[in-house]
Asks: 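Structure incoming, see below.
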There are 2 protein chains.
Amino acid sequence: MNDKERRMMPLFSIGIVMKLTELTARQIRYYEEHKLIFPERTSGNQRLFSFNDVDRLLEIKKLLDNGLNLTGIKLLLDESDVEKEKLAKIRKSELTEKELRTILKNELSHPSKLGKTNLRQGELARFFSKH
Amino acid sequence: MNDKERRMMPLFSIGIVMKLTELTARQIRYYEEHKLIFPERTSGNQRLFSFNDVDRLLEIKKLLDNGLNLTGIKLLLDESDVEKEKLAKIRKSELTEKELRTILKNELSHPSKLGKTNLRQGELARFFSKH
DNA sequence: ATAATATGTTAGATAATCTAACATGCGTTA
DNA sequence: TAACGCATGTTAGATTATCTAACATATTAT
């Protein structure tokens with residue numbers, strides 16, 4: 001099991017997530033309803049959140065504070081996810097030479113957040129990592 | 001907030017801990033009853049476990065497999081905790097010269113697990129750390 | 001053979017969470 | 001200004017998860 005999988009493991013009940021994020025249950029469910037997070041469910045239909053989910057909620061909270069609405073936040077986070085995928089692939093060298101050239105070329109014409117602070121590890125992951 | 005505090009944060013319901021440890025609720029409660037673990041409680045009296053608690057449960061499970069009984073396990077874990085405290089103090093240089101000399105002298109006559117693999121970071125903590 | 005240990009199982013109570021509906025405050029727009 | 005949409009609050013009723021306590025059972029130690 002690698003870090004990515006660890007951060008995706010469904011671990012936390014909504015009660016804990018409320019404390020970790022200082023969001024209400026209503027808010028958390030509303031964000032799920034609008035497809036900003038995708039918590040797992042127990043066999044009895046209760047939500048189970050991962051580290052990633054909590055990170056995302058903290059990010060959502062911050063962006064709401066900054067005046068964005070849910071639609072904008074969804075766009076931002078989705079794009080951010082795409083960038084993260086790219087970075088992960090690059091790190092693991094899963095790209096062919098051609099793909100890599102395509103990405104880099106594209107990066108030159110439409111600079112994204114690839115490599116910027118935006119892509120550093122999530123708030124909560126840092127919170128719980130060891131160093 | 002440092003690592004020690006993070007690992008002590010009450011985060012997991014008993015249901016999650018059951019899955020993480022593959023222990024039954026009965027077993028987990030029994031070990032608490034016998035003072036091997038000390039999970040927190042919610043305001044509604046439901047148990048909340050920390051990383052440390054889960055680590056401890058995995059250790060207990062392993063030792064039971066190896067034929068120890070709860071009494072012996074408690075002794076081992078308690079002693080191990082003492083050693084960890086010593087190590088932590090040493091790391092943070094919270095010891096006077098005299099205390100340090102006392103520890104080292106004692107170490108020579110009654111070698112404990114100080115510094116041995118026994119004191120490496122807990123199973124779960126490693127499980128969830130980033131590298 | 002009996003006692004102790006560790007765990008299973010059950011019952012009944014309580015806590016936590018779920019969905020769905022309606023309410024509210026606050027900008028935005030017609 | 002009135003109507004609307006968005007984000008959130010609140011409530012009700014149902015369901016799931018967890019709790020304690022008691023009794024059952026299998027294995028181990030005396």
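Here is how names work: the chains are called A, B, and so on, in the same order as the sequence lines, proteins then strands, and each is numbered from 1. Heavy atoms only: backbone and side chains are in, while hydrogens, waters and symmetry mates are out.
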Asks: For nucleotides 6-24 of chain D, read 5' to 3', which letter fits each nucleotide if B means a protein heavy atom sits under 4.0 Å from the base, S means only the sugar-phosphate is that close, and - means neither?
Replies: SBBBB-----BSSBB----

Asks: Give the rounded distance in Å between these two atoms: CD1 of Ile60(B) and C1' of dT7(C).
Replies: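 Value for this atom pair: 15 Å.
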
Asks: Applying ring-ring contact (aromatic ring centres under 6.0 Å, His included), can you list everything that pairs with Phe38(B), at least two apart in sequence or on another chain?
Replies: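 Residues passing ring-ring contact (aromatic ring centres under 6.0 Å, His included) with Phe38(B): none at all.
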
Asks: With sequence neighbours left out, what residues match Lys74(A) under side-chain hydrogen bond (donor to acceptor under 3.5 Å, both in side chains)?
Replies: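 Partners of Lys74(A) under the side-chain hydrogen bond (donor to acceptor under 3.5 Å, both in side chains) test: Asp78(A).
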
Asks: My understanding is that only residues two or more places apart in sequence, or in another chain, count here; which of them pass side-chain hydrogen bond (donor to acceptor under 3.5 Å, both in side chains) with Asn69(A)?
Replies: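 For Asn69(A) there are no side-chain hydrogen bond (donor to acceptor under 3.5 Å, both in side chains) partners, ignoring immediate neighbours.
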
Asks: According to the salt bridge (charged side-chain N to carboxylate O under 4.0 Å, His left out) rule, which pairs have a member within residues 27-40 of chain A, sequence neighbours left out?
Replies: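 Every pair satisfying salt bridge (charged side-chain N to carboxylate O under 4.0 Å, His left out) with a residue in residues 27-40 of chain A: Glu32(A)-Arg41(A), Glu32(A)-Arg47(A).
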
Asks: Can you measure Glu40(A) atom CD to dT17(C) atom C1' for me and round it to whole angstrom units?
Replies: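 Rounding to the nearest Å, CD of Glu40(A) and C1' of dT17(C) are 17 Å apart.
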
Asks: Rounded to whole angstroms, how far apart are CZ on Phe12(B) and C1' on dA16(C)?
Replies: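 The distance from CZ of Phe12(B) to C1' of dA16(C) comes to 18 Å, rounded to the nearest Å.
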
Asks: Sequence neighbours left out, what passes side-chain hydrogen bond (donor to acceptor under 3.5 Å, both in side chains) with Thr24(A)? Give chain and number order.
Replies: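 Thr24(A) satisfies side-chain hydrogen bond (donor to acceptor under 3.5 Å, both in side chains) with Gln27(A) only.
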
